[in-house]
Amino acid sequence: MLPIDIVDIMEDEVSVAELLPLTPDELLSTTRAVRRRLDLSRPVPLAVIREALEVALQAPSGGNRQRWHWIVVTDPELKAQVASYYRRSHLAYRQAGAGPADAAAARVTASSDYLREVLAEVPVLVIGAISTGDAELSGNQAGLWGSLLPAAWSLALALRARGLGTTWTTLHLRYEREVAELLGLPADVRQGVLLPVAYTKGTDFRPGPRVDLDSVLHVNGW
Ligand SMILES: Cc1cc2nc3c(=O)[nH]c(=O)nc-3n(C[C@H](O)[C@H](O)[C@H](O)COP(=O)(O)O)c2cc1C
């Protein structure tokens with residue numbers, strides 16, 4: 001048996017992931033919130049995360065300042081602590097909610113409950129964050145978050161293209177300060193998203209339910 005850190009180094013040297021044969025539109029329309037189909041038992045080489053992040057870093061940011069940061073958490077103890085903050089927040093959110101409106105919503109809720117319970121076992125947690133330079137965060141913050149979130153979504157797409165999956169999550173942000181302290185983030189760095197990443201069980205995903213385009217499309221005014 002090799003010590004874990006040696007295995008990690010060897011895995012890191014393994015380049016690079018094979019890409020699924022998806023058209024751009026298939027990739028964009030089948031990158032789902034994956035929870036139950038995350039493969040918790042298959043290790044994820046850091047090299048694959050790095051490769052997907054290299055793609056993600058091609059996303060735009062305001063003034064091309066690229067003040068994003070990507071905190072990749074693989075340490076079991078740290079993951080467990082992040083997951084326990086997530087769990088607390090998720091349970092509070094569920095208790096405050098009215099309960100699912102229909103069968104489809106009930107499935108999402110059950111899937112979300114499942115992720116809450118297994119979050120610590122997901123091989124990699126990636127937190128997308130952005131350095132604010134201590135700017136006052138008030139008013140419309142589209143410029144700030146628009147300089148982080150496109151790259152985070154690119155990461156989700158690049159992972160899917162490589163046979164991995166994730167779910168966009170924000171519930172741990174109720175404990176943003178605590179998680180920042182746990183992971184040693186500087187005071188001016190704000191977190192925008194937590195992506196639990198694993199290989200998916202199977203790679204066949206279908207487009208999800210969405211509102212009719214005509215109910216949200218406004219041409220030349222509302
Ligand atoms: C801003 C945002 C926050 C979200 N937060 C959570 C979360 O904390 N936990 C979770 O399980 N899913 C979360 N989701 C995932 C949504 O439930 C999911 O994207 C939505 O149901 C669509 O899923 P689909 O693409 O598989 O149809 C979040 C999604 C977004 C965009």
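Note that the numbering runs from 1 along the sequence shown for the chain. As the structure lists them, so they are numbered: ligands from 1, and atoms in each ligand from 1.
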message = Under 4.0 Å, counting heavy atoms only: does His172 come that close to any atom of ligand 1?
response = no
inquiry  = If you scan the protein for heavy atoms around atom 16 (C) of ligand 1, do you find one that is closer than 4.0 Å?
reply    = yes
query = Which residue from Val193, Thr166, Thr109, Thr169 reaches closest to atom 7 (C) of ligand 1 through any of its heavy atoms?
reply = Thr169
query = Are side-chain heavy atoms of Val126 and Leu155 found at a separation under 4.5 Å?
reply = yes
key: Any N/O pair Ser112/ligand 1 closer than 3.5 Å   = yes
ask   = What is the nearest protein non-hydrogen atom to atom 21 (O) of ligand 1, stated with its residue, atom name and distance?
value = Val108 CG1, 4.3 Å
key: Sub-4.5 Å side-chain heavy-atom contact between Val73 and Val124   = no
Test item: Tyr86 and Val179 side chains (from C-beta on) under 4.5 Å apart, heavy atoms = no
query = Under 4.5 Å between any side-chain heavy atoms of Thr200 and Asp39, yes or no?
reply = no
ask   = Could a heavy atom of Arg35 be found less than 4.0 Å from some atom of ligand 1?
value = yes
ask   = Does a side-chain N-to-carboxylate-O contact under 4.0 Å join Arg87 and Glu117?
value = yes
query = Which atoms of ligand 1 have any heavy atom of Arg210 under 4.0 Å away?
reply = 22 (C), 24 (P), 25 (O), 27 (O)
inquiry  = Are the side chains of His69 and Ile130 in contact, using a 4.5 Å heavy-atom criterion?
reply    = no
key: Protein heavy-atom partner closest to atom 24 (P) of ligand 1 - residue, atom, separation in Å   = Arg32 NE, 3.3 Å
ask   = Is there a nitrogen or oxygen of Ala33 sitting under 3.5 Å from a nitrogen or oxygen of ligand 1?
value = yes
query = N/O to N/O below 3.5 Å, does that happen between Trp168 and ligand 1?
reply = yes
Basic-acidic side-chain contact under 4.0 Å: Glu51, Arg162 = yes
ask   = Is ligand 1 less than 4.0 angstrom away from at least one heavy atom of Tyr86?
value = yes
request  = With the side chain counted from C-beta on, respond yes when Leu171 and Tyr85 share a heavy-atom pair under 4.5 Å apart, and no when they do not.
outcome  = no
request  = Compute the shortest N/O to N/O distance between Thr170 and ligand 1 and return yes if it is under 3.5 Å, no if not.
outcome  = yes
key: Step-by-step side-chain hydrogen bond (donor to acceptor under 3.5 Å, both in side chains) determination, Thr30 to Arg160   = CA-CA 9 Å; Thr30 64; Arg160 158 87 173 122; 2.9 Å; yes
query = Is Gly208 in polar range of ligand 1, meaning some N or O pair under 3.5 Å apart?
reply = no
